[in-house]
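One structure is given below, encoded as structure tokens.
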Amino acid sequence: MGSTTLDAATLEKLVSAAVAAPSVHNTQPWRFRLAPDTLTLEIHAAAERGLRHIDPTGRALHVSVGCAVLNLRVAVAHFGWEPVTRLLPRPSTPGLLAAVRFGGSARPGSARLYDALWRRHSSRFPFSERPLPADVRAELSEAALAEGALLTFPPPVESQRLLLLTREGEHRNNTSADRATESRQWVREPDRSGLGMPARTLGPQDFRERMPMRDYGAHLHPGGLPAQAFERHPTIVLLSTAHDRRTDWLRAGQALERVLLVATAHGVRASLLHQALEWPDLREQLGPPSGSRSGHPHMVIRMGYGPTGPSTPRRSARQTMTGGDGSALP
């Protein structure tokens, strides 16, 4: 059970759990600061790790931080505290995106989700044609709903439309000099130090050209990445929220991560197809084709059964923690 004190080893474990979350381009755009007097862990935006061209509004940054917040909540509950979460808690400090206070002792949280957060990896490899069972789909939808978001499983025709929009976003990204350059900055050569998307973890492309996988390594592999046959009938999922405010972006991130953890617990793999969301006109078209607005999309997710994706590197807990003056801990 939790106590009124927090030792250094537990704090490091909690922050490590948070940074295990996914983030756009593996930018890890977060900084953590402990307020020991209130036993609160603050999550700040690391503006220098944002994507000026790809994510000019900061929506994807907020979604990424939301994923980290969910992981932190799961870890805090696992250690026996009640995670009391506030989003955008201090309007005078816009870079402070969330704060999680370690409340009174509570029963330990879900061991299944805590175990899953260490095992969750995006998979950019082909999946089998095995469909997701109805009960798994229902649990994934409930996971999103619990965080204030909507998870929908479009029919095949609608899924193909979402993939076409994703392909258009990928094409635009590849032909935009500014965005292509920015993307390359987060892909590193195998023998270089630093964090980002390692070249060795880049997945194959689809030789049928039906699955628009992001080609992070086009500049490293001019001849193209290895081509494989991806599934003919992919399971495509759309995550959305009713509104489109900064708090909704953070809620979307928490919903996304809860969905991914539940999927991991069921042995379901996922890859995130974010390309169309990086263009305002394409993002708008991700809604229903009738033109009615049932929500604001935040992620297109491909799900299925297949190989586990490789883990991408993470900054250490110490690298992401700051002292009271905002400087990185030594």
Side-chain angles (χ1 to χ4, degrees), residues 21-22 59-60 62-64 66-71 73-74 77 83 85 87 109-117 119-123 127-163 165-166 211 231 233-245 247-274 276-277 283 285-290 292-306 309:
R59 185 195 60 83
H62 283 66
V63 171
S64 300
C67 290
V69 171
L70 191 282
N71 272 10
R73 288 169 49 203
V74 168
T85 306
L87 303 180
S110 170
R112 185 179 72 149
L113 293 187
Y114 181 74
D115 175 64
L117 75 83
R119 295 186 293 108
R120 182 218 60 80
H121 303 301
S122 297
S123 177
F127 298 155
S128 74
E129 298 291 346
R130 174 187 170 192
L132 268 60
D135 60 333
V136 173
R137 292 184 179 224
E139 190 174 345
L140 293 171
S141 297
E142 291 167 1
L145 194 61
E147 300 297 335
L150 181 67
L151 192 74
T152 56
F153 290 82
V157 172
E158 176 66 4
S159 292
Q160 288 303 314
R161 191 181 71 86
L162 298 182
L163 290 176
L165 291 171
T166 301
M211 189 63 60
E231 60 272 23
H233 305 288
T235 297
I236 301 298
V237 185
L238 183 66
L239 181 80
S240 60
T241 55
H243 303 286
D244 202 26
R245 303 160 299 199
T247 51
D248 299 297
W249 301 347
L250 291 166
R251 290 191 183 98
Q254 292 175 86
L256 172 62
E257 183 66 347
R258 185 174 289 277
V259 166
L260 295 177
L261 295 187
V262 170
T264 300
H266 280 286
V268 175
R269 313 304 180 198
S271 60
L272 306 181
L273 306 178
H274 192 261
L277 290 149
R283 184 187 178 212
Q285 294 178 58
L286 288 173
S290 63
S292 62
R293 293 273 75 83
S294 64
H296 299 271
H298 295 284
M299 190 63 69
V300 177
I301 313 169
R302 167 179 157 259
M303 289 187 164
Y305 297 94

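On a predicted model such as this, the values are computed, not experimentally measured, just so you know.
For Tyr114, the ring-ring contact (aromatic ring centres under 6.0 Å, His included) partners are His78, Trp118, not counting sequence neighbours.
Within the 4.5 Å cutoff, the side chain of Phe127 has no heavy atoms near those of the Thr235 side chain. Using a 4.5 Å cut-off on side-chain heavy atoms (C-beta onward), Glu257 and Val74 make no contact. Contact check for Pro131 versus His233: no side-chain heavy atoms found under the 4.5 Å cut-off. A 4.5 Å side-chain heavy-atom check between Ile236 and Leu163 finds at least one atom pair inside the cut-off. Side-chain contact between Pro297 and Leu277: present, with at least one pair of heavy atoms (C-beta onward) separated by less than 4.5 Å. Side-chain contact between Leu273 and Leu162 is absent, with no heavy atoms from C-beta onward closer than 4.5 Å. Side chains of Arg269 and Arg302 form no contact here, defined as non-hydrogen atoms less than 4.5 Å apart.
Closest non-hydrogen pair, Ala255 versus Ala149, comes out as CB-CB, 3.5 Å. The nearest pair of heavy atoms linking Ser123 to Ser271 is O-CB, 2.9 Å. Pro133 approaches Tyr305 most closely through the heavy-atom pair CD-OH, 3.3 Å. When all heavy atoms are compared, the tightest approach of Arg258 to Ala146 is CD-CB, 4.5 Å. The two residues Leu165 and Ala276 make their nearest non-hydrogen contact at O-CB, 3.6 Å. Pairing each heavy atom of Ala263 with each of Met303, the nearest pair is CB-CE, 4.3 Å.
To the nearest 0.5 Å, atom SG of residue Cys67 and atom CD of residue Gln254 are 9.0 Å apart. Note that the NE2 atom of His274 and the CD1 atom of Ile301 stand 11.0 Å from one another [nearest 0.5 Å]. Taking CZ of Arg59 as the reference point, atom OG of Ser64 lies at 9.0 Å (rounded to 0.5 Å). Here the CH2 atom belonging to Trp249 is positioned 13.5 Å from the CG atom belonging to Leu87, to the nearest 0.5 angstrom. Distance check: Leu256 CG to Leu70 CG gives 9.0 Å after rounding to the nearest 0.5 Å. Atom CD of residue Glu158 and atom CG of residue Leu286 lie 9.0 Å apart, to the nearest 0.5 angstrom.
Here Glu139 pairs with Arg112 in a salt bridge; the nearest charged N to carboxylate O distance falls below 4.0 Å. Classification of Glu147 and Arg73 as a salt-bridged pair holds, one side-chain N sitting under 4.0 Å from a carboxylate O.
With Leu238 as reference, Val300 is the one residue of Val300, Leu150, Leu151 to meet the side-chain contact (heavy atoms from CB on, under 4.5 Å) rule.
Between the side chain of Arg161 and the backbone N or O of Gln285 there is at least one donor-acceptor pair closer than 3.5 Å. At least one donor-acceptor pair under 3.5 Å links the side chain of Ser159 to the backbone N or O of Pro154.
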Derivation and outcome, side-chain contact (heavy atoms from CB on, under 4.5 Å), residues Arg283 and Asp244
CA-CA 12 Å; Arg283 184 187 178 212; Asp244 202 26; 2.8 Å; yes

